[in-house]
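A quick write-up on the structure given underneath.
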Amino acid sequence: MPELPEVHGYKIYLDSTSLHKKITAMECRDKRLLKKPLGDFEKALLGESFTETVRIGKYLFLKTTGSKTLLMHFGMTGRPNYYKDREDRPKFGHIVLTFENAFHLAFENKRKFGWWQLVDDIEDYRKQHNLSKDARELSLDEFKESLSTRKTDIKKVILDQSVTAGVGNWMADEILYQAQVHPKQKVERMTETQMDKVYKAMQHVIETAIDCDAHYDDFPKEFLMHFRKEGATCYHTGGEIEKIKVGGRSTYFSPKWQKL
DNA sequence: CACACTGTTCGCTC
DNA sequence: CGAGCGAACAGTGT
């Protein structure tokens with residue numbers, strides 16, 4: 001489930017494997033993953049190279065030597081896979097690019113919620129699609145500014161990509177656990193201190209997850225990820241973890257630790 | 001076999 | 001017009 005830290009890792013992976021190599025072929029097994037006709041992608045990519053990647057939240061942009069930028073979104077189950085031999089094509093590698101060195105880059109997407117798009121200008125795209133600045137680069141003031149107009153549950157708001165781009169379902173639960181704030185806390189009734197705590201927890205969770213290469217087992221022992229299941233034991237209170245729905249999403253929290 | 005799970009998008013209401 | 005809400009989307013795992 002790629003959220004900000006995983007996509008950050010994908011960026012590093014692509015930077016070290018897929019830049020500055022001419023693209024010689026493109027194959028797509030399922031056109032539903034393409035937001036434009038295949039021909040448009042071929043025209044934009046074949047004969048060109050990737051020059052640089054830019055990540056905003058869970059969106060990964062690959063600039064090219066041509067005029068277009070390739071945008072990848074991994075959905076819930078995607079990842080890039082750079083490999084050499086044709087027979088090593090991953091089972092769910094639905095889109096595959098081939099480079100001039102004969103290596104391939106597969107866009108793995110088991111559940112097909114991921115997609116590719118072609119973009120002219122990254123900043124224009126960001127604004128048109130109401131993406132905030134990347135959560136990692138958001139300032140406390142910008143965060144509070146976004147919260148000031150909202151009236152719903154804090155968990156829904158930090159899942160909103162126009163507020164904190166990159167935060168997904170597990171990160172939202174982790175952030176609120178670290179900040180000791182109930183997921184159904186109404187934003188309009190939050191104190192300054194609570195907002196500060198959520199912001200700090202968000203930065204802490206992001207940096208920790210990136211330091212661990214998004215490998216959950218390596219997270220500090222007080223992280224919710226280690227006991228994020230119904231009836232598990234809260235590290236701080238010894239109480240039980242509860243599962244509820246917030247904004248249609250499964251939400252895990254510790255009632256004794258995160259009080260309304 | 002039914003349903004849960006993921007993030008984004010769409011259509012609708014207020 | 002912006003916020004909020006719920007359904008829809010695909011397909012594997014349980």
Side-chain angles (χ1 to χ4, degrees), chain A residues 1-11 28-36 55-61 70-81 90-95 106-119 122 125-132 134-136 142-176 183-190 202 205-206 209 214 216 224-225 228-232 241-253:
Chain A
M1 44 176 171
E3 298 185 20
L4 190 157
E6 287 94 341
V7 181
H8 179 82
Y10 299 165
K11 171 179 159 59
C28 179
R29 199 191 270 161
D30 191 331
K31 305 287 188 293
R32 289 174 298 183
L33 300 185
L34 303 178
K35 295 231 175 200
K36 284 197 162 55
R55 185 189 58 74
I56 303 176
K58 307 164 199 170
Y59 295 70
L60 191 55
F61 300 85
L70 175 64
L71 166 58
M72 294 181 179
H73 193 289
F74 297 91
M76 298 181 278
T77 53
R79 63 175 179 191
N81 188 336
K91 187 176 176 195
F92 300 108
H94 299 307
I95 308 176
F107 180 74
E108 285 191 58
N109 221 258
K110 201 191 286 187
R111 288 175 204 168
K112 297 188 177 174
F113 272 28
W115 44 262
W116 283 18
Q117 175 62 292
L118 292 169
V119 167
I122 296 175
Y125 183 91
R126 187 179 79 75
K127 286 178 181 145
Q128 282 160 18
H129 290 77
N130 289 319
L131 275 182
S132 75
D134 186 74
R136 199 183 183 196
E142 288 166 328
F143 178 64
K144 283 184 177 168
E145 174 66 27
S146 294
L147 293 197
S148 66
T149 59
R150 308 301 293 272
K151 299 187 186 330
T152 190
D153 307 337
I154 181 64
K155 167 145 178 183
K156 285 188 203 164
V157 174
I158 59 175
L159 277 176
D160 188 332
Q161 302 300 295
S162 71
V163 177
T164 42
V167 174
N169 201 38
W170 77 254
M171 280 183 75
D173 285 357
E174 188 66 66
I175 290 164
L176 295 175
K184 283 178 110 58
Q185 170 69 47
K186 295 288 183 222
V187 171
E188 55 189 327
R189 281 191 251 126
M190 277 172 74
M202 176 169 75
V205 170
I206 292 171
Y216 309 146
L224 176 67
M225 281 307 271
R228 187 175 176 268
K229 54 179 181 241
E230 203 167 11
I241 298 298
E242 216 172 273
K243 180 186 180 185
I244 56 173
K245 289 274 184 198
V246 180
R249 298 279 158 230
S250 290
T251 298
Y252 298 85
F253 76 109

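Only heavy atoms go into these numbers, but all of them, side chains included; no hydrogens, no water, no symmetry mates.
If you check B:dT6, C:dA3, B:dT9 against the side chain of A:Asn169, the one that comes closest is B:dT6. In the set B:dC5, C:dG11, B:dG7, B:dG7 carries the atom at the smallest distance from any side-chain atom of A:Phe113. Relative to the side chain of A:Trp115, the nucleotides B:dT9, C:dT12, B:dT6 differ in distance, and B:dT9 lies closest.
Residue A:Glu188 places its CD atom among more than 12 non-hydrogen atoms of other residues, nucleotides or ligands, all under 6.0 Å distant. Heavy-atom contacts from other residues, nucleotides or ligands closer than 6.0 Å to CZ of A:Arg79 number 12 or fewer.
A side-chain contact (heavy atoms from CB on, under 4.5 Å) with A:Ile206 is found for exactly one of A:Glu174, A:Met171, A:His8, namely A:Met171. The one candidate from A:Leu159, A:Ile158, A:Val187, A:Val246 that meets the side-chain contact (heavy atoms from CB on, under 4.5 Å) condition with A:Asp153 is A:Val246.
Atom pair A:Lys245:NZ and C:dA7:C1' shows a separation of 13 Å (rounding to whole Å applied). Counting to the nearest Å, the C1' atom of C:dC5 and the CG atom of A:Asp153 are 11 Å from each other. Atoms CZ (A:Arg79) and C1' (B:dT6) sit 16 Å apart, rounded to a whole Å. Spacing between atom CZ of A:Arg111 and atom C1' of C:dA8 amounts to 16 Å, rounded to whole angstrom units. Rounded to an integer number of Å, the gap from NZ of A:Lys229 to P of B:dC5 is 15 Å. Rounded to whole angstrom, the span from the CG atom of A:Asn130 across to the P atom of B:dT8 amounts to 13 Å. Atom CD of A:Glu3 is separated from atom P of B:dT6 by 9 Å (rounded to the nearest Å). In this structure, A:His73 places its NE2 atom 7 Å from C1' of B:dT8, rounding to the nearest Å.
When each of A:Lys110 and A:Arg150 is assigned the nucleotide of DNA chain C bearing its nearest heavy atom, the one mapping closer to the 5' terminus is A:Arg150.
Considering only side-chain N and O atoms, A:Thr152 lies under 4.0 angstrom from the phosphate OP1 or OP2 of C:dC5. Phosphate proximity of B:dG7 to A:Gln161: absent, as no side-chain N or O sits under 4.0 Å from OP1 or OP2. Of the side-chain N and O atoms in A:Lys243, one or more sit less than 4.0 angstrom from OP1 or OP2 of B:dC5. For A:Lys156, no side-chain nitrogen or oxygen approaches OP1 or OP2 of C:dG4 to under 4.0 Å.
Residue-level contact check: A:Gly168 touches the backbone only, with heavy atoms under 4.0 Å from sugar-phosphate atoms and none from bases. Using a 4.0 Å heavy-atom criterion, one finds that A:Lys91 contacts no nucleic acid atom at all. Residue-level contact check: A:Arg249 touches the bases, meaning some heavy atom is under 4.0 Å from a base atom.
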Next on the checklist: salt bridge (Lys or Arg N to Asp or Glu O under 4.0 Å), that's the test. Do A:Arg32 and A:Asp30 meet it? Break it down for me.
Outcome noted: CA-CA 5 Å; A:Arg32 289 174 298 183; A:Asp30 191 331; 2.7 Å; yes

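With values rounded to the nearest 0.5 angstrom, A:Gln161 atom CD is found 7.5 Å from A:Ser132 atom OG.
In the helix from B:dA2-C:dT14 to B:dC14-C:dG2, the end axes, each obtained as the rotation axis mapping the C1' atoms of four pairs onto the next four within a five-pair block, lie 40° apart to the nearest 10 degrees.
For the pair A:Pro90 and A:Asn81, the tightest heavy-atom approach, listed with the atom from each and the gap, is CG-ND2, 3.8 Å.
A salt bridge is defined here as a Lys NZ or Arg NE, NH1 or NH2 lying under 4.0 Å from an Asp or Glu carboxylate O, and A:Asp134 with A:Arg136 fails to meet this definition.
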